[in-house]
Amino acid sequence: QQQFVESGGGWVQPGGSLRISCTASGFTLHPHAIAWFRQTPGREREAISSISSSDGRTYYADSVYGRFTASRDDAKNTAYLQMNRVKPEDTGLYYCAAGLIAGLKQRYDIWGQGTQVTVSS
């Protein structure tokens with residue numbers, strides 16, 4: 001079964017940092033593009049970041065640009081989302097997903113179950 005195992009979520013204070021990870025299970029990360037999605041209360045799930053496989057090019061939503069950084073380590077079959085200067089509005093359930101083409105509006109077919117991030121003081 002192809003899926004992601006996500007980890008690293010939890011509670012963090014505003015202004016703090018957190019890194020979440022997702023490890024591919026049942027398939028190899030390469031040559032998939034990886035995206036990170038966020039589901040916040042009362043809002044639709046949104047794509048916030050994506051990273052390509054071929055050249056590591058990254059894409060970010062305006063809401064996280066300059067604060068979040070996507071990366072990947074194909075040798076470890078794992079992708080990461082480094083979250084810095086977090087805000088309360090970053091609270092939500094974070095998912096990673098794999099697809100063929102990187103970008104915030106592309107289709108992604110393999111999903112994780114999500115990891116909760118809570119930003120509060």
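One-based numbering along the sequence shown.
Contact between Arg85 and Gly66 at its shortest, heavy atoms only, is NH2-O, 2.9 Å. Looking at every heavy atom in both residues, Glu6 comes nearest to Cys22 through CG-CB, 3.6 Å. Between Leu29 and Asn77, the closest heavy-atom pair is N-OD1, 2.7 Å. For Asp74 against His30, the heavy-atom pair with the smallest separation is OD2-CB, 3.5 Å. Between Gly56 and Ile51, the shortest heavy-atom distance links the atoms O-CG1, 3.7 Å. Between Trp36 and Ser21 the shortest heavy-atom distance is CH2-C, 3.9 Å.
Cation-pi contact between Arg38 and Tyr95: absent, since separation from the ring centre below 6.0 Å together with deviation from the ring axis within 45° is not met.
Other residues, nucleotides and ligands contribute over 12 non-hydrogen atoms within 6.0 Å of the CZ atom of Arg45. Surrounding CZ of Phe27 are more than 12 heavy atoms belonging to other residues, nucleotides or ligands, all under 6.0 Å away.
Side-chain atoms of Ile20 and Met83, non-hydrogen and from C-beta on, do get closer than 4.5 Å to each other. Between Thr69 and Tyr60, the closest side-chain pair of non-hydrogen atoms falls below 4.5 Å. A 4.5 Å side-chain heavy-atom check between Gln116 and Trp11 finds every atom pair outside the cut-off. Residues Gln82 and Ser17 meet the side-chain proximity criterion, which asks for heavy atoms closer than 4.5 Å. A 4.5 Å side-chain heavy-atom check between Pro14 and Lys87 finds every atom pair outside the cut-off. Side-chain contact between Tyr94 and Leu81 is present, with heavy atoms from C-beta onward closer than 4.5 Å.
Both Ile48 and Val119 are assigned to one and the same hydrophobic cluster, defined by single-linkage of ILVMFWY side chains at heavy-atom distances under 4.5 Å. In this structure, Val12 is a member of the same hydrophobic cluster as Phe68, with clusters built from ILVMFWY side-chain heavy atoms closer than 4.5 Å. The hydrophobic cluster containing Phe4 does not contain Leu100, counting ILVMFWY residues as joined when their side-chain heavy atoms lie under 4.5 angstrom apart, directly or transitively. No continuous path of hydrophobic side-chain contacts links Tyr59 to Tyr108 [ILVMFWY only; heavy atoms under 4.5 Å]. Residues Tyr80 and Leu18 do not share a hydrophobic cluster, clusters being chains of Ile/Leu/Val/Met/Phe/Trp/Tyr side chains in contact below 4.5 Å.
Summarising the geometry, atom CD belonging to Glu46 is positioned 9.0 Å from atom CD belonging to Gln39; distances are rounded to the nearest 0.5 Å. Taking CD1 of Ile110 as the reference point, atom CD of Gln2 lies at 4.0 Å (rounded to 0.5 Å). With rounding to the nearest 0.5 Å, the separation of NZ in Lys105 from OG in Ser50 is 12.5 Å.
Classification of the Trp111-Phe37 ring pair by plane angle, with boundaries at 30° and 60°, yields tilted.
Although no hydrogens or angles enter the test, the distance criterion places no donor-acceptor pair under 3.5 Å between the side chain of Thr91 and the main chain of Glu89.
No side-chain donor from either of Ser53 and His32 sits under 3.5 Å from a side-chain acceptor of the other.
Applying the salt bridge (Lys or Arg N to Asp or Glu O under 4.0 Å) test to every pair with at least one member in residues 106-121, sequence neighbours left out, gives these pairs: Arg107-Asp109.
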